[in-house]
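Each remark here refers to the structure printed beneath this line.
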Amino acid sequence: MDATTPATPAAPPADEPVHHPSYIGVWFGLAFLTAIELGVAFLPWAKITIILILVGLAVWKALLVALYYMHLRYEPTRLRVLAMAPLPLALILVVAVIMEYR
Amino acid sequence: MARSAVMRPPVLAEPGAGVYNEKLGIWVFLGSEVMFFTALIGAYIILRTAHPGAWQEPGEMLNVPITAFNTFLLICSSVTMVKAFAAIQEGRQKHLTLWLLATVLIGASFVGVQAYEYAELIHKGFVPSEGLYGSTFYTMTGFHGFHVSVGVLCLIFVTFRAWRGGYTAEDHRGVEVIGLYWHFVDLVWIILFTIVYLI
Amino acid sequence: MTTPRAGTAAPHVGDLHPHDAVHDHEPSFLRKYIFATDHKIIGIQFLIMSLAFLLVGGALAMMIRWQLGYPGQAMPGGTVLPETMAPGGVIAPEFYNSLVTMHGTFMVFFAIMPLLVGVFGNYLIPLKIGAPDMAFPRLNMASFWIAVPAGIIMIFGFFAEGGHAGAGWTAYAPLSASPEHSGVSLGQQLWCVSLIVLGLSSILGATNYITTIINMRAPGMTWFRLPLSIWALFVTAVLVLLAIPILSGAVIMLLFDQTIGTHFFLRAGEPLLWQHLFWYFGHPEVYILILPAFGMVSDIIANGSRKPIFGYNSMVFAILAIAFLGWIVWGHHMFQSGMNPTLGTSFMISTMLIAVPSAIKVFNWLGTLWQGNIRFTVPMLHACAFVSMFVIGGLSGVFMASTPVDIFIHDTYFIVAHLHYVLFGGSLFAIFAGITYWYPKMFGRMMSRRWGLIHFWLTFVAYNLVFFPMHNLGLGGHMRRIYDPNQYEFLQPLQGLNEMISISAFVLFTAQLIFAANFILSWFKGEKAPMNPWEDNSLEWTVPSPPPHGNFAATPVVYRGPYEYSSPEVEQDFLPQTLRLPTDRPPAAASAGD
């Protein structure tokens, strides 16, 4: 995912560097991925394949926003762990209950 | 330009999360929002797995082109938001205000387009009581839209404060906090657009 | 008066007016006591609100017990109730359904949860970690003032046409989603709205607690020097943060099914989806209702034994293990639902597993008491009662964890016995212990020891007479939430037991009036409390009773954990966390401040 996001840290001021990537670069990445999604959604492939690809693309976009716009890439590890903490719970609920209906 | 003590972790305290209180607070709160959307989106995934026939193919009922444009709009508003933040990090108050204003306008447009979309769908007879499809569609997108609207209101408040010079390079916590909320709302939409409109 | 310190430095973004480091103006009565931002006042506000709802919940229980003890007979004073509820003073079946529903709802959401989390969380967290207040004092105020309308809405439900919600506190669909089954419409909707509002209050509170504990611990107050009450409250706050939104989502979907005709749990939808969503929230919820109790009891038992808590580290890991495992056991509330049997088996295994950390805690409490120099104070008695009653409740839980057994005892009085042993015998005794223990700090007065003892013994005896026989009722086939058990021949022999339980329940309720009187009268006439009446090591006992706004004159520095009782390093049998001995070095954070 870093192919579209060259990190360009600003020149560090007096006390500490202010990290940020190219926000416009990330924007292009998001637009590009959205365009791919639109293409894939209407291809005549197996539904399950399309779902996997689309979900994967959506997750990629979400990560771009989280890591670069929300600056998680540059935050202390503790904060990153905290931010990711609810995700396994979300997964457990959906996976477990889907088992009811398969 | 140096950030003041308020934008660094608390001084006379044991090492905590490594960030100032308000930033930690908003991340913690966003954790609860993840779980809230998990309930709604999870219900959708579960119901759709159980009754796949209740849904239509992408684009049949829902307007994908308009919504794709709306998605693009929301992504743009995330860019304007982060540009606003970058501006105040360097103390450029005028730019902060302008970028924030842009975010407000784009955000409000998103809600407007969604309202238009709802009106069209209702006109076609696609309402919340229209089976599982309608129930899940309106609940997920509706609550997302509600969150966007609340975000826009908060952004208006922050923009006004910025215009009055309330934020500086030393202290722009409010900008960062609303920024994180706003990006989160964008992030949820990225997921929603894919699984509601394209699958 | 207060010097700027962590989290309270000069202008806050979002402040409508700058916060001065030195208060040279006294806030008005309204800002100080009504729209208070001081965590101590907010804690007391929650205390008053929750005790009022505890009384309401208890009164509802008395009506339930009347009907079960004397089925079909006119209740004394019953004629004051409207004809729709109790024609001729006899409780109507539909009203009975609301009674059991609202007893559960008020007790869980408006009494126990706010007592444990709202009261003790608010009051103790900043004090025990050495902070001047919560991270977000105004958000804290919002938390309380959002909870109040939620309570009012829930009360209004009683006046709704069609009666109040009557689908149980678990509100299973389709009964809860469609008035055609229950006859209840507006009442159930108000139930939903109230919980959505209350959910917001809880989530904001949890955000505050988590941020405060992570970021505002005083220098030297490392994670493994935190009192167990704070560990428990921290983990509980995380559970609240992540579980309550699930309930909010589920209840919103239920409300939509009731009002705008959606199909989540009705019509084309899936009733089982409600059960999964509700219990995915509901199981972490029950740990929310017990973990703070675990924490407070640990503090009180260590103090009352004059010994360090046995196995502090394992106590912490047990709390964490319970919180983690608590997310994967929810199906044990649904063994009879017809869910996927493989799923059921995995829930049985995880549920059996979760008994282990709880058992570790019990053994550690016993280990703390063992050969301790025990002081039989009123809080200590309640705390010891907690341990034994919780063991009973936990043991019945092991029976229920086994799916084949649960198929028979699910939705019987065996379950009612279990839940009351953990919630009353557990949580409520811990609450009594906690109120008595921290009352001196909150109000500057001691509660009466004599009346505390009378209340304790009456409660302990009556409580066991009420709830222990329910195990027998349940095994005898007595089902839950039933209006008239005598309609079944096989239950008629159990009527005598029901009557005995009811009489004991009336005694139990009356005994609580002693506690209420003690609580109120001690505020006026109680013996003035010293700074540290229990000779406790934790930080709140180093400041006056009650503590001033801002809590500490200077940021405290912590040198050790909170359980150094009977330490060889000092003559007295307690060694406060902030007492610096010649051998102590200051912690790194104390001189921090680049």
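We name chains A, B, ... by the order of the sequence lines, and we start the count at 1 in each one. Any value given below was found using the heavy atoms of this structure, including those in side chains, with hydrogens, waters and symmetry copies removed.
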Discussion item. Checking the side chain of A/R78 only, and the main-chain atoms of B/G16 only, is there a donor and an acceptor separated by less than 3.5 Å?
Written reply: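 Side chain of A/R78 to backbone of B/G16: a pair is present.
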
Worksheet item: Roughly how far, to the nearest 0.5 Å, is the CD atom of A/E37 from the CG atom of B/L198?
Response: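 Rounded to the nearest 0.5 Å, the CG-CD separation comes to 6.0 Å.
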
Practice prompt. Assess the pair A/H71 and B/F85: is the distance between their ring centroids shorter than 6.0 Å?
Written response: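 Ring-ring flag for A/H71/B/F85: true, centres closer than 6.0 Å.
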
Decide yes or no for [X] and [Y]: does some side-chain heavy atom of the first lie under 4.5 Å from some side-chain heavy atom of the second?
| X | Y | value |
| --- | --- | --- |
| A/I24 | B/V79 | yes |
| A/W27 | B/F72 | yes |
| B/W27 | A/L72 | yes |
| A/E100 | B/T49 | no |
| A/Y69 | B/L180 | no |

Structural part of [X] lying under 4.5 Å from a heavy atom of chain A:
| X | answer |
| --- | --- |
| B/L30 | side chain |
| B/A50 | both |
| B/A43 | neither |
| B/V188 | neither |

Worksheet item: Taking all atoms of both residues into account, what is the closest heavy-atom pair of A/A58 and B/I190, and its distance?
Response: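 Taking A/A58 first and B/I190 second, the nearest heavy atoms are O-CG2, 3.6 Å.
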
Practice prompt. Determine the option with the most heavy-atom pairs under 4.5 angstrom with chain A, choosing from B/V82, B/I195, B/T38, B/I191.
Written response: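 Max contact count across the listed options: B/V82.
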
Fill in: Candidates A/L30, A/V26, A/V65 - the one meeting side chain to side chain contact (heavy atoms under 4.5 Å, CB included) with B/I75
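The single option meeting the side chain to side chain contact (heavy atoms under 4.5 Å, CB included) with B/I75 is A/L30.
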
